[in-house]
Protein chains: 2
Amino acid sequence: MTAIGFEKHDHNRCIATALAEAETRCADQKLQLTPVRRRALEILLQRHRAMGAYEILDLLAADGLGSQPPVAYRALDFLVQHGFAHRIERINAYTACAHPEQDHIPAFLICRGCKAVAEAETELEQGRLGAAAQATGFAIERIVVEAEGLCPACQEHPA
Amino acid sequence: MTAIGFEKHDHNRCIATALAEAETRCADQKLQLTPVRRRALEILLQRHRAMGAYEILDLLAADGLGSQPPVAYRALDFLVQHGFAHRIERINAYTACAHPEQDHIPAFLICRGCKAVAEAETELEQGRLGAAAQATGFAIERIVVEAEGLCPACQEHPA
DNA sequence: TCACGATTTGTTATGTTATAACATTCATCG
DNA sequence: CGATGAATGTTATAACATAACAAATCGTGA
């Protein structure tokens, strides 16, 4: 929660909005946004960065919501499954989805210096990859697109 | 090594060719293709599939080439670093590069049924992702593109 | 040849991420 | 109520990865 300053209020509102939207959609789709799942999403929204499962587990535990790994992994699986969060393979971490309203293929820019992660848009990856899949009869269910490199700040201050 | 049948000889030649090319390129670029590194590459070429680091380590150990994890990870890092192999993030595994001769961004089709992996070509990802990176000043060093789904065989025989 | 520096390998120990398996709780509905 | 299915609690362990330091190897220049 560094350097949010006077935008803090806005961030709180944005968290509240996202949570409310999640609740609405879960109700619509008959999904159960249980306390553990809801709190996990809230944590991801609050920190607004990529977090490891164990880091989230610690925060859940602090609230008395489970203390063993499966609790965190199950909640995160649920959130990822339904598009409320994404898993970032390169760094084994999770982050709240930046636009959960629509179906999309997320793409991430991962800074290897400060570990910050930005979610970018991709057009449907169906360029060459989709063509290759179709040609071989492979049925794509999920696509991972992640770029690793250095953010502007870390380019200037090489650790 | 299933179902290679009468193509076995060809496969042996293909392994030998790939190894020879690796040796040539290492000589050119003053890279040391040491016994451990060479054997690791050979293992990946032989199996011709994605393999975990510990699986490779076991085979190295069987040849008396190191028995502790760092040995395998270091050899694999070398191979990946220089484009002789790729790491597949989604499944924490490694595979020999299908066309080590040229620089490229690999893309993988990963079957969640049988764990088979195919390497596809991608055009430079510089579509939307490159644009996003450029807009924010992010310097991309590596791009991961992986699709998970079901191969034709696993679509027909749902485990 | 010998000393050196750089690179690679050996080894110990530990850290980090993830899941299997089974018991328990809880809401829902016939 | 009692059965069913979903979620959670819990124990135990599997799977993946790296830090840190010691020892060996190898090329190179004095």
Side-chain angles (χ1 to χ4, degrees), chain A residues 22-23 26-27 29-41 44 50-82 84-95 110 112 115 144 146 148 159, chain B residues 22-23 26-27 29-41 44 50-82 84-95 110 112 115 144 146 148 159:
Chain A
E23 270 170 0
C26 283
Q29 301 180 15
K30 311 241 190 249
L31 303 173
Q32 301 188 51
L33 190 62
T34 61
V36 177
R37 294 168 176 178
R38 191 192 138 93
R39 180 65 183 127
L41 177 55
L44 288 174
M51 302 178 72
Y54 279 72
E55 193 180 357
I56 291 161
L57 176 59
D58 285 347
L59 294 170
L60 288 175
D63 287 8
L65 294 166
S67 59
Q68 300 305 319
V71 173
Y73 281 102
R74 289 192 285 232
L76 290 166
D77 284 350
F78 171 88
L79 296 176
V80 169
Q81 192 89 33
H82 297 98
F84 299 115
H86 298 299
R87 175 177 162 84
I88 304 171
E89 299 294 341
R90 185 67 184 89
I91 57 175
N92 302 320
Y94 300 81
T95 189
I110 305 162
R112 67 167 164 78
K115 309 299 178 197
V144 173
E146 299 173 5
E148 187 175 23
Chain B
E23 268 170 359
C26 283
Q29 299 180 18
K30 312 238 190 254
L31 302 173
Q32 303 189 48
L33 191 62
T34 62
V36 178
R37 293 168 177 177
R38 193 191 137 94
R39 180 67 183 122
L41 176 56
L44 288 175
M51 302 178 72
Y54 277 70
E55 193 181 356
I56 291 162
L57 176 59
D58 285 348
L59 295 169
L60 288 175
D63 289 7
L65 293 167
S67 59
Q68 301 305 318
V71 174
Y73 281 103
R74 287 191 288 229
L76 290 166
D77 283 350
F78 171 87
L79 296 176
V80 169
Q81 191 88 35
H82 297 99
F84 299 116
H86 299 297
R87 176 177 162 83
I88 303 172
E89 299 294 341
R90 184 69 184 89
I91 56 176
N92 302 321
Y94 300 81
T95 191
I110 306 162
R112 69 170 164 76
K115 310 298 177 196
V144 173
E146 299 174 6
E148 188 176 23

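Residue numbering restarts at 1 for every chain, and letters A, B, ... go by the order of the sequence lines. Owing to the predicted nature of the structure, the values given are computational and were not obtained by experimental measurement.
What separates CG of B:Asp63 from P of C:dG10 is a distance of 12 Å, to the nearest Å. The distance between atom CD of B:Gln81 and atom P of C:dT8, rounded to the nearest whole Å, is 11 Å. Between the CD atom of A:Glu55 and the C1' atom of C:dG15 there is a distance of 15 Å, given to the nearest Å. Straight-line distance from the CG atom of A:Leu65 to the C1' atom of D:dA7: 13 Å, rounded to whole Å. Look at CZ on B:Arg90: it is 10 Å from P on C:dA18, rounded to the nearest Å. The CG-C1' distance, from A:Asp77 to C:dA18, rounds to 10 Å in whole Å. As a whole-Å value, the separation of B:Leu57 CG from C:dT12 C1' is 15 Å. The CD-C1' distance, from B:Gln32 to C:dT9, rounds to 11 Å in whole Å.
Checked by distance alone, A:Tyr54 brings a side-chain donor or acceptor within 3.5 Å of a matching partner on the base of C:dA18.
For B:Tyr73 and D:dA17, the shortest distance from a side-chain N or O to OP1 or OP2 is below 4.0 Å. Neither OP1 nor OP2 of C:dT19 sits under 4.0 Å from any side-chain N or O of A:Arg74. Contact annotation: B:Arg38 does not reach the phosphate of C:dT8 (side-chain N/O to OP1 or OP2, under 4.0 Å). Residue A:Ser67 has no polar side-chain atom (N or O) positioned under 4.0 Å from OP1 or OP2 of D:dG9. Proximity of A:Asn92 to the phosphate of D:dC16: no side-chain N or O atom is located under 4.0 Å from OP1 or OP2.
Mapping B:Pro35 and B:Pro69 onto DNA chain C by nearest heavy atom places B:Pro35 closer to the 5' end of the strand. Nucleotides of DNA chain D nearest to A:Arg37 and A:Gln68 differ in position, and the one nearer the 5' end is that of A:Arg37. Comparing A:Ala93 and B:Thr34 by the nucleotide of DNA chain C that holds the closest heavy atom to each, the one mapping nearer the 5' end is B:Thr34.
Although no hydrogens or angles enter the test, the distance criterion places a donor-acceptor pair under 3.5 Å between the side chain of B:Arg37 and the main chain of B:Gln32.
Once rounded to the nearest 0.5 Å, the distance linking CG of A:Leu31 with NE2 of A:His82 reads 4.5 Å.
The shortest distance between side-chain heavy atoms of A:Met51 and A:Thr95 does not fall below 4.5 Å.
Nearest heavy-atom pair across A:Ala40 and A:Ala75 is CB-CB, 4.2 Å.
Salt bridge status for B:Glu89 with A:Arg90: present, with a side-chain N to carboxylate O gap under 4.0 Å.
Across D:dG9, C:dA18, D:dT11, the shortest atom-to-atom separation from the side chain of A:Ala53 is found for C:dA18.
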